[in-house]
S.K.: 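My structure is below; once you've seen it, I'll send some questions.
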Amino acid sequence: MGIRVFIFITFLLASRECLGDHSIARRWNEALLQAIRNDFARPTVHARNLFHLSAGMYDTWVVYGSHGSPYFLGEQHGEYSFPYEKITLPKDVKVAREEALSYYCYRMIRFRFRNSPGWEKTFQLIDNLMDELGYDPQFTSEIYVEGRPAALGNYLAAKVIEFGLQDGSNEGGSYQNLEYAPINEPMVLRNPVIPEIVNPNRWQPLAFDTFIDQNGNVMTAGTPPFLSPEWGRVIPFSLNEEDLNIYQVNGMECLVYHDPGEPFFLNSENESISSAFKRNFTLVANWSSHLDPSDGVIWDISPGAMGNFDIHRTLGNDGLFELYLDQGGDVGTGYSLNPKTNQPYEPQLVPRGDYTRVLAEFWADGPSSETPPGHWFSLLNYVNDHPLFEKKFLGKGEVLDPLEWDIKSYFLLGGAMHDAAITAWGIKGYYDYVRPISAIRYMSYMGQSSDETLPNYHPEGMELMDGMVELVEPSDPLSGPEGENVGKIKLLAWKGHEYIETAEDQAGVGWVLGEEWWPYQRPTFVTPPFAGYVSGHSTFSRAAAKVMTLLTGDEYFPGGIAEFVAGKNEYLVFEEGPSVDVVLQWARYYDAADQCSLSRIWGGIHPPQDDLPARLIGETVGAEAFNFGVRYFEDVILGTNDDEWGQSVSFFPNPVVKGDELYLRFPTDRQDIDVSIWTIGGALVYEGNALTSQNQKLIFDTASFRSGIYVVKVTHKLDMVAKLIRVE
Amino acid sequence: MRRIAFIVIFIFACITSFSQSRFADVTETAGIDHYFQVFQGIFGGGAAVLDFDNDGWEDVFITGGAGKDALYKNNGDGTFSNVIDEAGFSGLENIVTQGVVCADVNRDGRIDIFITTIAKVEGDKFTASANFLFINDGNGKFTDRTRSYGLDQLSFSTGAAFGDLNGDGYPDLYVSNFFNRFDGRFDEYIGAIPEGDRAPAHDLLYINSGGNFIEVSESYGLTHTGFGFGGVFTDYDNDGDMDLIIINDFGYMATPNLLYRNEFPQSTFTDVSKLSGFDLGINAMGVGIGDYDMDGYMDYFISNISSSPFLINPGKNNAPFDNRTRQLGTSYPLIYTAEGEMVSTISWGTNFFDYDNDMDLDLFIANGSLNPSIVPNPNLLLENMNRQFVLNGPSSGIYDESIGRGSVTFDFDNDGYLDLLVVNQSPYQELNSEGDMKGVRLYRNLGGDKNWLKVKLSGEAADKNGIGSRIEVYVGGNKLIREIDGGSSHLSQNSTIAHFGLEKFAKVDSLIVRWIGGTDQILYDLEVNQLIEIKQGVITGLTRNFPITSKVLVYPNPVTQTLSVDIGEINKNNGATLEIYTQTGQVIYRLQSTDHLGRKGPIQWQIPSSMPSGIYFIRIKTRTEVITKKFVKN
């Protein structure tokens, strides 16, 4: 907790501003982030909270202004309509916006965090904020027509709350699962033998405690259920039905967007698939042996030596293992120059064991954190506060006023985070895939699968690897007083919490029994309570990095670098460290996202195959959410593509590479169809009609187009379909 | 349309009312200091709401288990005094009491008390005990009349319920038993064993023949054995008689829950448990009764270990009850403690009540550890928001983690908002670091600015307190129903005064009492924010409103073809609406106008020939008043 607040303050100090100078949207966003830190670590729930708060803020900005279309008010999402009667604009729009926005956020946070363990702190915080802003929380009227802007805020909150009670999240039932049930019995963490696994390819709950029930049975307690396996059902922001698969699993309907296909399974008939499974999880165990600052391995962790990794590269025979190195990290080799300064990045040499441990904690986003989607809001705020940063939408045109910038950027990032959560958790719920703690302990418990002539052979066992995965010999210190561990699997790994008594201790790296392997996580957390495939961190991070790249029109952080300082022997939470100051540095938003993804491997909770597909999905989701969201900034409500006519118009490919042809396909009847193409800045670059098309297709040569985003509008009488096309 | 608009606005109103904790723990200031002292573990702890001194302030009797019972007299100033020592109650020394229910068993106008017990314990000696019936002498004292009323069977009894099975005005009695025999061993654990000493027990069903109870379980077909935790008399099929729901612990090892349909006027039950889907084999602990979706049929919440079923009444449909607890948001197999730990939920007391007076029924669930094993187990308050329940947890003021058992609702301070009392057990063993296990808790509802109506029944042919009778309130196009409680929740009994939250409605259009035993009584146009006492057969309430209703003339009455409505002096320039609706609140005709309504003489309405004969209502609504008139179609 203290550490998180510390980070938060560091960000603020870096900006050399105090919150009072920030826009009203920023102040409520910070309040929300704090409310999230006071709540359970639920990435899905908070991605939705961040989105609903951001979208509602956006609506209060739109209705008290003259630009853009509201997201909620007057619109329908799913089955739910938000009735709205247009208001007459008050004289002072700025004051009205601030008031409506504040009441909206106040009501929303009050409702959404009423059952939070830190509800008192959160209520206090937002009561104080209302007080400071001069608003009376007791004003509860929702009669906004000819009423106060506060009433509009209250009304909007009431509608969004009501919407949220039927949007598929089961918020009414405290987001509990309606149908999902794990097929594996919980692993009792204290008794480190794990014969409970029915299917080693499937997720296993973790039991932190046990108790005796009424009938004398030993029951697990403190066993967190799978968080949000049914989250694919939630009404998304921009996700498209074309990208949706619906599967039936034991009577449970799984909605999966951007289905990446099956992960590797153990005991597959295809030996190479089983082997890939083993290799994935063995890599996680191996990387946990990097978590010792005293092993003499020193890395340059500056952007001069790290990052600049291309996730779209073609993979060879070794598949994704070509990207993840045995000694840790990926194949990215950094940047020769900072493009903003044209100077090389200054090297930063630190022990690998410090870097990796700091990473694991910085990106943990577990208990008492703002969770991964919130973390990216913090990074966005960090960028917004950067002295070199100019608030130009898409990096072009005029500098926006801080409120407009904050409103729009939160709306787009919120939408992307919400969609990332729905996508990643839809996949998690459907594949229900095992976590490293279960897979590694299970395979180790089974034995070794390398050599039938060696002891303890089992086809589902670990593959032996000299210096990394070996069998316990009789002379081994791990053999046990009675030699009971002889022949078992031992791993070179981070040694786990039993070696830490006080926060000044350090577990270090050494040989441990594989069936007692621990991920580098807090002992009260161990592994997030949901399936691994695909990584939520990677989906969120890549999507957010994509949004920030598009939003700022720049892949690079302001000044070509962003930093976070983890102080020597201060930063780490459950063990001593780091042994030196470690400064996390990123050149591009993607570098931060990639680093976040890798941190989950060192943290022992994701193998590579959870990661890479998630990054690719995140990138798509981020781009789609962005493109979908910016439509709302237009002054007319654009077609929402959900009417039949709109469905029959298609645009492809998108993005289109400059010089390639862009196709528009129309319905059979081509009468009265007009087509226009606009720059995102509003300049008309093409105008025509469908009668000029051939075979219901209109083909553009994009050679004359400059790279960037274009709005293609197709109108048919009063209908309009618009799509953002990116020319690259 | 207009009605829908109204409903929508009210939903908003309830949503935004999350501005503060809804309940305040006033136990200490109210002078309540009581624990249920558990005997060995698990069993017991109930409360019954009663007005034993007929002073208009509801009192509460709370069992004490191995300790002393308590009778808390409501002083009317927010405090209570325990008068158990002055009030008689002799013979309870060394008795381990469990639950309590009250009724006027001898119809003398004074409420009597029935207490269930599991045993008598003296030193190491453990002997079976009878339950206790205490007759109210009217001078603040109670006398043990168990034997003379024929209730002195030895039994290991948990819950009980009063209800008039045969419509004779005398409350009959169901008593739920757990073990066949139990000799007070506390070896490895207290649990159920399907055979031997700890085999499940037969239950008891007594017909009150006017001063004497006759055990009739066999002739009524009540022959099951089960690990009973109580039962409720309720009219699940709206046929005007008391059916019986029985809930059993360890239903998966022995007899599951049961639903017996009363075949009145025959003196027998039919077991419809399977047919109705009521036969859940669970660890049932208690029952809450309420029509959560306002469809005119009672729904039932059965408290349990882990997820508790919420059984939706199929109504007229020939379908079994549907357990929709997950979909409705009332299933909490696990719950977070204040420390943020996740624990298995163990639910006992449960009550439907409209705590925020927004017209729909909310749900309270009292949770508690099994005891002696103690895990903090916070209570649940679930608010009905448009038929979806949402948890109001720590910020609601009732998130107590003590060892909860029975729970009751009543309006102890007569402010029109229902308060809550939860019976908590004392920990059987010394606690080390398991936190503060509190005794009985009284939670005062902090109220709000919404309207309400309370109804107290005074039976003539029916039970003196109207136990089992049903009250229907019609307001804003909604029908709200309540049954007068003769024992429910866990080993407990709620107030026998029915409470209706009325949102911001200024009038109740009509109120129907369906007296158990047959007769109906209808009242129109009632003022809100009042307690009305309805004496069976005597029209009350109407006179108060005659001056207003007289402005509207409806004729001829009864009518055959054309109905004339003269709305006379009503200010109709503000947009008046005329509605004609059925007894069940269904609107069959609506006329809405800003100008023409009634301006050119009486409104003429041609009655459709298809309209069935019977009683109908006309409602004229303007911005300032609502007037309801009744007419009969021949």
Side-chain angles (χ1 to χ4, degrees), chain A residues 39-41 83 103 106-107 110-120 122-123 127 137-143 154-155 157-162 164-166 170-179 207-209 211-217 219-225 367-368 524 529, chain B residues 5 8-9 11-21 41-42 188-192 249-250 253 283 305-307 325-344 346 369-370 372-375 382-383 385-396 399:
Chain A
D39 193 33
F40 303 108
Y103 277 84
Y106 179 78
R107 298 269 167 255
R110 193 102 189 173
F111 184 81
R112 292 275 170 93
F113 294 88
R114 72 193 185 285
N115 295 329
S116 157
W119 68 275
E120 280 170 303
T122 298
F123 281 19
D127 282 342
Q138 300 304 319
F139 179 81
T140 56
S141 166
E142 289 160 12
I143 302 166
N154 288 338
Y155 170 76
K159 296 305 284 178
V160 175
I161 286 168
E162 213 177 62
L165 291 176
Q166 53 83 67
N170 193 24
E171 182 187 348
S174 300
Y175 313 101
Q176 293 178 103
N177 304 328
L178 292 172
E179 282 136 27
F208 289 79
D209 206 353
F211 73 96
I212 313 292
D213 84 344
Q214 190 180 359
N215 238 1
N217 303 315
M219 303 273 283
T220 54
T223 307
S368 305
T524 50
Chain B
V8 169
I9 289 164
I11 289 162
F12 298 159
C14 83
I15 286 167
T16 50
S17 59
F18 282 102
S19 54
Q20 57 188 344
S21 293
I42 300 179
E188 295 137 4
Y189 67 100
I190 295 185
D249 200 357
F250 300 109
M253 286 165 61
N283 294 102
I305 293 180
S306 191
S307 176
T325 189
R326 283 193 181 195
Q327 293 86 342
L328 290 173
T330 55
S331 167
Y332 281 87
L334 300 167
I335 186 169
Y336 281 106
T337 67
E339 299 292 308
E341 264 188 62
M342 217 171 214
V343 296
S344 285
I346 306 173
S369 275
L370 291 174
S373 68
I374 308 275
V375 179
L382 296 156
E383 177 168 349
M385 285 176 76
N386 203 12
R387 316 288 186 264
Q388 165 79 52
F389 286 84
V390 301
L391 174 66
N392 284 333
S395 56
S396 63
Y399 213 64

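Chain naming here is simple, since letters A, B, ... match the order of the sequence lines and numbering starts at 1 in each.
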S.K.: Name the member of A/P117, A/P225, A/P83 that forms the most heavy-atom pairs with chain B at distances under 4.5 Å.
M.R.: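 When all of A/P117, A/P225, A/P83 are compared, A/P225 has the most.
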S.K.: Given a strict heavy-atom distance threshold of 4.5 Å, which part of A/N177 is in contact with chain B: side chain, backbone, both, or neither?
M.R.: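 For A/N177, backbone heavy atoms alone lie under 4.5 Å from chain B.
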S.K.: Relative to chain A, which segment of B/Y336 carries a heavy atom at a distance below 4.5 Å: side chain, backbone, both, or neither?
M.R.: side chain
S.K.: My understanding is that only residues two or more places apart in sequence, or in another chain, count here; which of them pass salt bridge (Lys or Arg N to Asp or Glu O under 4.0 Å) with A/E179?
M.R.: A/R233
S.K.: What part of A/F40 gets closer than 4.5 Å to chain B, counting heavy atoms only: side chain, backbone, both or neither?
M.R.: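 For A/F40, side-chain heavy atoms alone lie under 4.5 Å from chain B.
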S.K.: Please look at A/S141 and chain B and tell me whether the side chain, the backbone, both or neither of the residue comes under 4.5 angstrom of a heavy atom of that chain.
M.R.: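 Contact with chain B involves no heavy atom of A/S141 at all.
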S.K.: Would you please say whether a donor-acceptor pair under 3.5 Å links the side chains of B/Y399 and B/N392?
M.R.: no
S.K.: Using the rule side chain to side chain contact (heavy atoms under 4.5 Å, CB included), only one of A/N115, A/I161, A/L165 pairs with B/V390; which is it?
M.R.: A/L165
S.K.: If we ignore angles and hydrogens, is there a donor and acceptor under 3.5 Å between the side chains of B/T330 and B/T325?
M.R.: yes
S.K.: Ion pair present between A/E171 and A/R112, side-chain N to carboxylate O less than 4.0 angstrom?
M.R.: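 Salt bridge present between A/E171 and A/R112.
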S.K.: With respect to chain B, which residue among A/L178, A/T524, A/D127 yields the maximal number of heavy-atom pairs within a distance under 4.5 Å?
M.R.: A/L178
